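So the structure is just underneath, and the comments pick up after that.
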2 protein chains.
Amino acid sequence: MREGMAIPSARGAIPRARSQSPSKGRATIVTLSQLAGVSASTVSRALKNDPRISEETRNRIAALATKAGYTPNAFARTLSSGRSGLLGIVLGSVQNPFYSELLEEAVAQAAARGMRLLIVHAGGGPIEDRTAEALLQYQVDGCIITSAELSSNAVNICAANGVPVVMVNRIPRLHASAVACDNAEGGRELARFLVEGGHRRIAMVQAPARSSTGMERVRGFVEQLTALGLEPAMRMDGGGHYDGGFACGQEIAKLPPNRRPDAIFGISDVMAMGAMDALRIAGIRVPEDISVVAFDNIAAASHPPYGLTTIAQPLQAMVHRGLDILMARIRDPSLPDEAVQLRGRLIVRRSARVPGA
Amino acid sequence: MREGMAIPSARGAIPRARSQSPSKGRATIVTLSQLAGVSASTVSRALKNDPRISEETRNRIAALATKAGYTPNAFARTLSSGRSGLLGIVLGSVQNPFYSELLEEAVAQAAARGMRLLIVHAGGGPIEDRTAEALLQYQVDGCIITSAELSSNAVNICAANGVPVVMVNRIPRLHASAVACDNAEGGRELARFLVEGGHRRIAMVQAPARSSTGMERVRGFVEQLTALGLEPAMRMDGGGHYDGGFACGQEIAKLPPNRRPDAIFGISDVMAMGAMDALRIAGIRVPEDISVVAFDNIAAASHPPYGLTTIAQPLQAMVHRGLDILMARIRDPSLPDEAVQLRGRLIVRRSARVPGA
DNA sequence: TCAGCTTGTGCGAACGATAGCACAAATTAT
DNA sequence: ATAATTTGTGCTATCGTTCGCACAAGCTGA
């Protein structure tokens, strides 16, 4: 059926078809142009609603394209236009569901803007050089970096190649914009909440120092405590994951009751959940014996056994602003780096005693 | 700096430089070829270790490439070779951490094979047509579909365009290969385990019927129960998520003790965790009053409050075999569809009474 | 009536890499 | 010494799109 016996063209033998034709019969702009009897450029322009193409031609071509099941080849377009429509994304460890939720949101919002996400890296391990190279190979228009850690490598590569970067849930370093929750303010709010709730001996389950957002939360929290004439009763490292939080909870549970804190600030929900579980297993009641507050508001924080009082990160808004920033810099790379902080919202649940009660 | 005053070439004015050069000074094969004083083809061949290029030239070019920070342009390569090095991935809802773990594994293993993952869709919502088109636009070499649901759309598009597809954690439909845990056998194993442990009244918290893997687990489980002369005491729909499982747990807790099941089979860990929490909140002890077993072995299943006895899906192996299948079909599209089942492993923890105890 | 403008298309050169074919130089066989 | 190989490179077309520029037709105004 397909051009049955090739008619030898006037210009002589056209060596069509390599060993195997790469695009197996998929319709291209050239196909369409032949069908429509116009040039390839006209088809290209008609398809992207160039105002210079007449209404009639445009409709005719559009109809033809639909009928032929035409899909533009993103690779050819990129080669020609320099824009890939791809956003690289570096994801933090799935051990923290926050990143999974972030991913889902990012995929949806990027799609709504006509962009796709190329996963550069996911997980806790270090990001290899070869991996980061993919960013360049695939000509990503921009890059989203969510991992609170391990990012600098990718950032440098992007910066060196003029790829705009936005960090989400992370404090900006050099050469990058960032969107984050106002972590310090969230920390302060939690400190006020606990102190107003009558807590005085407060333990902190911190993330590793390389987590910039975690450090901010700690900073705000301690700052506020100090302003209220208190200081943290203890600081422990929960490693950023459930198990670490659990271990901290065990430590706390081991303390004699009179030396035990009356509240725990978990720098992230997962760690707080670990700590809560350890406490309860040790027979310590939450919140009757110890209050627990945290940060993130992941889905599990609302599960009945936890009912975690926490600062909700405005995930949707963070992704939205992040993409705004990225797209703006893709259009105009001369824009200066920008850091946005979005206010989190305190979600009061049952894991901490409240002022009134 | 860049070719200061363009030397008018013999063939007349060469209109170099469009409005803005797309690749801002990034080194290309042509750059290298000029530096090395050889042709572009030679560079191309040297870089991919073509045996026809002399050792010396190859080394010289390799050194040059490193120094210039050369990165091949994947888009140009694709256009020319027809292979993009991209694998599309359709992800299930992040509400089930299993998919997040799968993603992390897939990203790592794909990278090890020199492939990148393009996220086509993530999450519970339906997959839009425009979204699925991305698969074609970006010329993905193959596609991984993990969602137990919502996949048919993407599968059809891939099939229609000759893109090999492998479904992971899913029973194959038409036009696709698949890798899954041996869900039925896992179900049987759990049934034997429970019955040997002395359980007789067993409830099942099922996933929606559209989850093919879930149905398989149920099938195997019921089959084995029947073979042992029993039948499920009740079947409930947990919707595939924690909240649904929790609701089922509440239902069960409401039953008078004599009508209560003595064991629950949660079709997935998340649902079982929900059910366990509901039971415990109602004061029902696990496993003393009711045993709970499940399927998946997500990270949280091992958390102390759950200690879930479950069938571990061989995640790593599943992804590995899935990629094997995909890569083989990318090389040779004529290969027939293939369905692989991998045996899961029973992980015994504390959530269920065991035969000996 | 003809210059000058608008409007709609076509031409052809990129974009960066690949691969078939041609071909020069070096090596071996006769 | 000449032909037949082998070995290493270069030439060039091609992948599908985009975009600057040229250009033809239709319209307006003097």
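Because only heavy atoms are used, hydrogens play no part in the values below, and waters and symmetry mates are left out as well, while side chains stay in. Letters go in sequence order (proteins before strands), and every chain restarts at 1. This one's a predicted model, so the numbers in the text were calculated from it and none came from an experiment.
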Taken to the nearest whole Å, CZ/B:Arg45 to P/D:dG10 is 9 Å

- Any side-chain N or O of A:Ser39 less than 4.0 Å from the OP1 or OP2 oxygen of C:dG10? yes

Against the side chain of A:Ser44, the closest entry in D:dT17, C:dC11, D:dT18 is D:dT18

| What does B:Val43 touch in the nucleic acid at a heavy-atom separation under 4.0 angstrom: a base, only the sugar-phosphate, or nothing? | nothing

Checklist entry - Would one find a side-chain N or O of A:Arg77 under 4.0 angstrom from OP1 or OP2 of D:dT18? => result yes

Hits for side-chain hydrogen bond (donor to acceptor under 3.5 Å, both in side chains) against A:Glu101, two or more places apart or cross-chain, chain-then-number order -> none

Problem - Distance-only donor-acceptor test, A:Ser80 side-chain atoms vs D:dT17 base atoms, 3.5 Å - result: yes

Rounded to whole Å, CD of A:Gln34 lies from C1' of C:dG10 at a distance of 15 Å

Whole-Å distance, B:Phe75 CZ to D:dT18 P, equals 13 Å

Any ion pair linking B:Arg52 and B:Asp50 (charged N to carboxylate O, less than 4.0 Å)?
yes

Query raised in the report: Judged by modelled atom types alone, do A:Ser100 and B:Ser100 share a side-chain donor-acceptor pair under 3.5 Å?
Result: yes

Atom CG of A:Leu79 and atom C1' of C:dG16 are separated, to the nearest Å, by 5 Å

If you compare every side-chain N and O of B:Tyr70 against the phosphate oxygens of C:dA17 (OP1, OP2), does one of them come in below 4.0 Å? yes

B:Gln137 CD to D:dT18 P, in whole Å, measures 11 Å

- Item | Residues B:Ile145, B:Val168; criterion side chain to side chain contact (heavy atoms under 4.5 Å, CB included); working and verdict | CA-CA 6 Å; B:Ile145 294 186; B:Val168 179; over 6 Å; no

N/O (side chain, A:Thr42) to phosphate O (OP1/OP2, C:dG10) under 4.0 Å | yes

- Between the side chains of B:Thr28 and B:Thr31, does any donor sit under 3.5 Å from an acceptor? yes

By salt bridge (Lys or Arg N to Asp or Glu O under 4.0 Å), B:Arg83 pairs with (sequence neighbours left out) B:Asp141

When rounded to whole Å, the CD1 to P distance for the pair A:Ile29 and D:dC15 reads 14 Å

Need one value for A:Ser33: base, sugar-phosphate or nothing, where a base atom within 4.0 Å counts as base even if backbone is also close, heavy atoms only. nothing

Double-helix bend of the helix from C:dT1-D:dA30 to C:dT30-D:dA1, axes at both ends from 5 pairs, round to 10°, gives 50°

For A:Cys158 and A:Leu135, the nearest pair of non-hydrogen atoms, with its separation, is SG-CD1, 3.7 Å

Notebook entry, point to check: Counting just side-chain N and O atoms, does B:Ser41 come under 4.0 Å of either OP1 or OP2 of D:dT9?
Noted result: no

To the nearest angstrom, the CG-P distance between B:Leu32 and D:dT9 comes to 16 Å

Hits for side-chain hydrogen bond (donor to acceptor under 3.5 Å, both in side chains) against B:Thr66, two or more places apart or cross-chain, chain-then-number order -> none

A:Cys143 and A:Val163 have their tightest heavy-atom pair at N-CG1, 4.2 Å

Residues in residues 47-63 of chain A with a heavy atom under 4.0 Å of DNA chain C, by number, are A:Pro51, A:Arg52, A:Ile53, A:Ser54, A:Thr57

A:Asp324 meets the salt bridge (Lys or Arg N to Asp or Glu O under 4.0 Å) criterion, sequence neighbours left out, with A:Arg113, A:Arg321

Out of C:dT18, C:dA19, C:dA17, minimum distance to the side chain of B:Pro72 belongs to C:dA17

